[in-house]
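The structure presented is a predicted model; accordingly, all values stated were derived computationally and were not measured. Keep in mind that the numbers below use all heavy atoms, side chains included, and drop hydrogens, waters and symmetry copies.
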Amino acid sequence: MGGLRTLALALAATLWAASSSAAPWFTLTSTSIKDGARIPVIHGGDDPKRACSPRNPAICPCPGMNVSPQLKWSNAPAGTKSFAILMYDIDGQYGAGVSHWVAYNIAPTTTELKEGDGTAGIGFTGGAGTRGNPNYMGPCPPQGDGPHHYMITVMATDLEPTLAPGLTRDQFLAAAKGHLLTSATIGGLFARAYE
């Protein structure tokens with residue numbers, strides 16, 4: 001019995017040593033957004049003419065400043081030729097979703113977008129969000145809605161950074177099918193007003 005226990009312990013130690021020496025996984029962090037927490041108002045939309053909701057044409061301005069968050073990623077897999085960023089409101093349009101940011105053709109040597117780069121269109125090719133926006137568009141859910149869930153995903157791909165500008169989220173995902181190597185996501189919550 002002691003021999004089996006010794007063998008089991010040796011096997012466990014070998015597996016632990018192998019897992020501890022394995023390459024670290026792809027990671028996304030942000031100094032602007034804490035994963036799972038409220039997104040600061042500075043990163044919210046700033047549209048002064050936004051309708052209160054899709055069903056109410058009265059104007060309820062967005063309270064934010066539309067400053068894109070800082071994003072930093074690390075440990076991209078071998079073979080990465082470009083990165084892409086997608087920001088999606090999973091609760092938008094009554095659950096159908098709203099695409100807030102489609103960015104791709106990010107150089108494989110890039111590991112960070114600084115705060116405001118997404119708004120200014122620095123370091124990526126802009127796609128087309130739900131409102132046709134090529135750059136970052138901050139959260140601004142309908143007046144009276146509870147907090148919406150916003151997911152920001154950075155993807156490593158083996159695509160050359162040569163995709164044409166203006167791709168929608170779905171068009172980008174179709175072009176990237178079979179070329180995605182890994183991804184990492186952070187999420188946050190935003191509402192026009194909190195109780």
If we ignore hydrogens and angles and just use 3.5 Å, is the side chain of R192 paired with the main-chain N or O of P141 as donor and acceptor?
yes
Between Q70 and T31, does any side-chain donor sit less than 3.5 Å from a side-chain acceptor?
yes
Same apolar cluster: F26 and I85, side chain cutoff 4.5 Å:
yes
Applying a strict under-4.5 Å side-chain criterion to I, L, V, M, F, W and Y, I'd like to know whether V67 and I152 cluster together.
no
Disulfide (SG to SG under 2.5 Å) contacts touching residues 70-160 (sequence neighbours left out)
C62-C140
Is there a side-chain contact between T111 and K72 (heavy atoms, below 4.5 Å)?
yes
Shortest non-hydrogen pair, D91 vs H149, comes out as OD2-N, 2.6 Å
Hey, any chance L173 and M151 share a hydrophobic cluster, counting ILVMFWY side chains that come within less than 4.5 Å of each other, even indirectly?
no
Check for a donor-acceptor pair, side chain of N66 on one end and backbone N or O of G45 on the other, with a separation under 3.5 Å.
no
Of all the heavy-atom pairs spanning F83 and P108, show the shortest one and how long it is.
CE1-O, 3.5 Å
Check step by step if side chain to side chain contact (heavy atoms under 4.5 Å, CB included) holds for Y104 and V102.
CA-CA 7 Å; Y104 44 85; V102 181; 3.8 Å; yes
In this structure, CG of L71 is separated from CG of D117 (nearest 0.5 Å) by 9.5 Å
Correct closest heavy-atom pair for P54 and P142 would be CD-CG, 3.9 Å
Nearest-0.5 Å distance, CG of residue L113 to CZ of residue F124
7.0 Å
Mind listing the side-chain donor-acceptor pairs of residues 153-160 below 3.5 Å, one per line with the distance, residues two or more places apart or on another chain?
unit_1: T153; atom_1: OG1; unit_2: T185; atom_2: OG1; d: 2.8
unit_1: T157; atom_1: OG1; unit_2: S82; atom_2: O; d: 3.3
unit_1: T157; atom_1: OG1; unit_2: S82; atom_2: OG; d: 2.8
unit_1: T157; atom_1: OG1; unit_2: L159; atom_2: N; d: 3.1
unit_1: D158; atom_1: OD1; unit_2: H179; atom_2: ND1; d: 2.7

To the nearest 0.5 Å, tell me how far I42 CD1 sits from D46 CG.
11.0 Å
For a quick test of reading the model, state the closest non-hydrogen atom pair linking F190 to P40 and the distance between them.
CE1-O, 4.2 Å
Report yes or no: does Y136 contribute a side-chain atom to a donor-acceptor pair with the main-chain N or O of H43 at less than 3.5 Å?
yes
Single-linkage hydrophobic cluster L86~L180, side-chain heavy atoms < 4.5 angstrom
yes
Are more than 12 heavy atoms from other residues, nucleotides or ligands located less than 6.0 Å from atom CE of M65?
no
H148 and D145: which non-hydrogen atoms are nearest, and at how many Å?
NE2-OD2, 2.7 Å
Without placing hydrogens or testing angles, list every side-chain donor-acceptor pair under 3.5 Å for residues 162-170, not counting sequence neighbours.
unit_1: T168; atom_1: OG1; unit_2: Q171; atom_2: N; d: 3.1
unit_1: T168; atom_1: OG1; unit_2: Q171; atom_2: OE1; d: 3.4

Supply the atom-to-atom distance W25 CH2 to T182 OG1, rounded to the nearest 0.5 angstrom.
11.5 Å
Please report the shortest heavy-atom distance between I59 and C52, naming the atom on each side.
C-SG, 3.7 Å
Taking I186's backbone N and O only, do any of them form a donor-acceptor pair with D35's side chain (distance below 3.5 Å, no angle check)?
no
Donor-acceptor contact below 3.5 Å, side chain S32 vs main chain P69:
no
Is the distance between the ring centroids of Y150 and W101 under 6.0 Å?
no
Is the Y88 to H100 ring centre distance short of 6.0 Å?
no
In Å, rounded to the nearest 0.5 Å, how long is the span from OG1 of T110 to CD1 of I122?
12.0 Å
I need the S68 OG to N135 CG distance, nearest 0.5 Å.
8.5 Å
